Amino acid sequence: MSSARRLVTERLVISTATAQHLLVELDDPQKLGPLLGARVPGSWPPHPEDQTRLRETMARLHGAPTELGWLMRYVVLRRGPDGHAVLIGRVGLEGPAVEGNVRVYCALLPAFSGHGYGREAAGRLVDWALDHPGIERVTSKPPLAQEGWIKALSELSFRRDGDDVSDADRGFAHFVRHRDDWQRDSLALRRGASLVPQAATVPIAGIPTLAREVFDRLLREPLFDTEDLRREVMLYVDVLANAAQDNPSVDHQLGRDIGRTCEGLLIAVTQNTPEHTRRQIQAAARYFVTEEDGDSDFEIGGLDEDAAVANAVAEHLGRSDLLCDVN
């Protein structure tokens with residue numbers, strides 16, 4: 001599966017910590033700035049014992065490079081107090097699943113706590129983890145003193161396994177998010193954001209030149225039922241996955257991410273969504289599932305413009321949390 005080195009939410013960029021990041025941080029945390037495209041506060045890191053976690057993570061990456069994405073990530077606030085990107089914390093998973101289980105953690109600098117950033121970062125990472133086959137549950141075991149993190153887990157629909165007495169005996173709480181529950185929740189609710197329709201006269205920035213003619217034609221199609229479109233999108237994701245078994249040129253992982261972006265936009269449509277906004281979302285979904293676009297989806301790089309179209313529409317409608325990773 002893709003390591004999704006860069007996850008994006010409405011306010012954050014969540015970047016996977018590579019061996020290069022870890023080596024640089026162990027030498028001088030301030031040198032992380034250029035790698036992350038963000039200012040590193042003088043109060044970094046969140047915890048004094050973080051160097052131990054850094055060394056442990058680096059050892060695991062050297063021993064099993066495929067664990068990239070399942071370990072530590074940096075949380076960057078895209079617009080900090082001074083208007084520029086700033087590194088605010090870490091979020092991560094404690095390794096690939098063991099018997100379908102993986103554990104999530106989060107640590108923010110105190111100055112950035114209490115604004116929902118931890119919930120936003122962890123929620124996006126939990127979505128990413130549970131979207132992988134074989135992951136049945138995500139857990140967390142926060143110390144009882146971490147009241148903010150405990151509140152965030154509850155807001156992310158984690159269930160508390162235990163009571164005040166058992167938690168007091170252990171010294172920590174135990175939370176779990178089951179895959180079945182996660183799948184029953186709508187994508188729009190999980191991401192916690194609504195569409196922000198623009199005026200019909202506002203152009204959509206970011207549509208590739210190669211895609212513009214087809215996209216404009218798709219905008220003029222009659223409106224389809226959104227549930228039918230969702231099924232069509234998910235069917236095409238399966239088509240790409242099946243094709244990838246015989247053709248390594250097919251980037252089915254990117255196809256899956258584009259499908260999630262389109263699905264998220266379609267789920268967010270309500271009876272109050274303007275017709276021109278529905279057409280924009282429909283055109284993005286139809287562009288993904290049609291073979292009449294610029295490049296064949298079954299060739300190397302063939303899905304790049306599909307991703308660019310889906311991302312452009314999501315960004316245009318205020319859903320940057322749904323952007324798919326194209327790096």
Side-chain angles (χ1 to χ4, degrees), residues 8 10 131 186-191 193-244 247 249-326:
V8 179
E10 188 173 0
D131 196 39
S186 75
L187 197 64
L189 288 175
R190 288 204 307 271
R191 299 297 173 81
S194 302
L195 298 173
V196 183
Q198 304 298 311
T201 55
V202 178
I204 301 175
I207 301 292
T209 302
L210 181 65
R212 175 57 69 178
E213 181 179 352
V214 174
F215 183 79
D216 287 345
R217 174 173 60 78
L218 294 174
L219 281 172
R220 298 191 293 271
E221 288 188 332
L223 282 175
F224 301 153
D225 180 79
T226 54
E227 286 302 309
D228 289 342
L229 281 170
R230 281 184 62 197
R231 285 190 287 270
E232 189 175 0
V233 165
M234 292 301 99
L235 178 62
Y236 195 63
V237 170
D238 290 339
V239 168
L240 293 172
N242 291 332
N247 182 1
S249 297
V250 179
D251 190 349
H252 68 287
Q253 294 165 351
L254 179 56
R256 185 197 64 187
D257 290 343
I258 298 170
R260 282 177 60 81
T261 300
C262 293
E263 185 189 19
L265 291 170
L266 289 165
I267 287 176
V269 171
T270 70
Q271 61 181 2
N272 297 320
T273 302
E275 179 179 329
H276 69 274
T277 300
R278 286 190 60 185
R279 289 185 178 278
Q280 292 165 348
I281 293 171
Q282 175 174 297
R286 293 276 295 133
Y287 193 96
F288 173 49
V289 302
T290 184
E291 265 296 290
E292 299 175 18
D293 50 28
D295 292 327
S296 171
D297 295 344
F298 299 90
E299 297 178 356
I300 295 175
L303 287 170
D304 288 353
E305 85 230 22
D306 300 67
V309 167
N311 281 350
V313 172
E315 190 80 53
H316 182 73
L317 298 177
R319 293 305 302 270
S320 57
D321 56 310
L322 292 174
L323 297 183
C324 54
D325 180 39
V326 293

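Worth knowing before you read on, the calculation uses all heavy atoms, side chains too, and leaves out hydrogens, waters and symmetry mates. Everything quoted here is computed from the prediction, not taken from an experiment.
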Sub-4.5 Å side-chain heavy-atom contact between [X] and [Y]:
| X | Y | answer |
| --- | --- | --- |
| Leu240 | Leu303 | yes |
| Thr261 | Leu323 | no |
| Glu263 | Val237 | no |
| Leu195 | Leu265 | yes |
| Val202 | His316 | yes |

May I ask you to decide whether [X] forms a salt bridge with [Y], counting only side-chain N to carboxylate O separations under 4.0 Å?
| X | Y | answer |
| --- | --- | --- |
| Glu275 | Arg279 | yes |
| Arg260 | Asp257 | no |
| Glu227 | Arg230 | yes |

Can you measure from [atom1] ([X]) to [atom2] ([Y]) and round to the nearest 0.5 angstrom?
| X | Y | atom1 | atom2 | answer |
| --- | --- | --- | --- | --- |
| Arg278 | Leu266 | CZ | CG | 9.5 Å |
| Ile207 | Asp216 | CD1 | CG | 8.5 Å |
| Arg256 | Met234 | CZ | CE | 10.5 Å |
| Arg286 | Phe224 | CZ | CZ | 5.0 Å |
| Leu223 | Leu229 | CG | CG | 9.0 Å |
| Cys324 | Phe288 | SG | CZ | 9.0 Å |

Of all heavy-atom pairs between [X] and [Y], which one has the smallest distance, and what is that distance?
| X | Y | result |
| --- | --- | --- |
| Pro208 | Ala308 | CG-CB, 3.6 Å |
| Leu254 | Ala307 | CD1-CB, 4.1 Å |
| Ile204 | Ala312 | CG2-O, 3.7 Å |
| Ala211 | Val309 | CB-CG2, 3.8 Å |
| Thr273 | Thr270 | OG1-N, 2.9 Å |
| Tyr287 | Asp306 | O-OD2, 3.2 Å |

Take Val313 and Phe215 through the test side-chain contact (heavy atoms from CB on, under 4.5 Å) and record every step on the way to the result. CA-CA 11 Å; Val313 172; Phe215 183 79; 3.9 Å; yes

Is there a donor-acceptor pair under 3.5 Å between the side chain of His276 and the backbone N or O of Leu219? no

State whether the side chain of Gln282 and the backbone N or O of Pro222 hold a donor-acceptor pair below 3.5 Å, judged by distance alone. yes

Looking at Glu221, I'd like to know if its CD atom is crowded, meaning that more than 12 non-hydrogen atoms belonging to other residues, nucleotides or ligands lie closer than 6.0 Å. yes

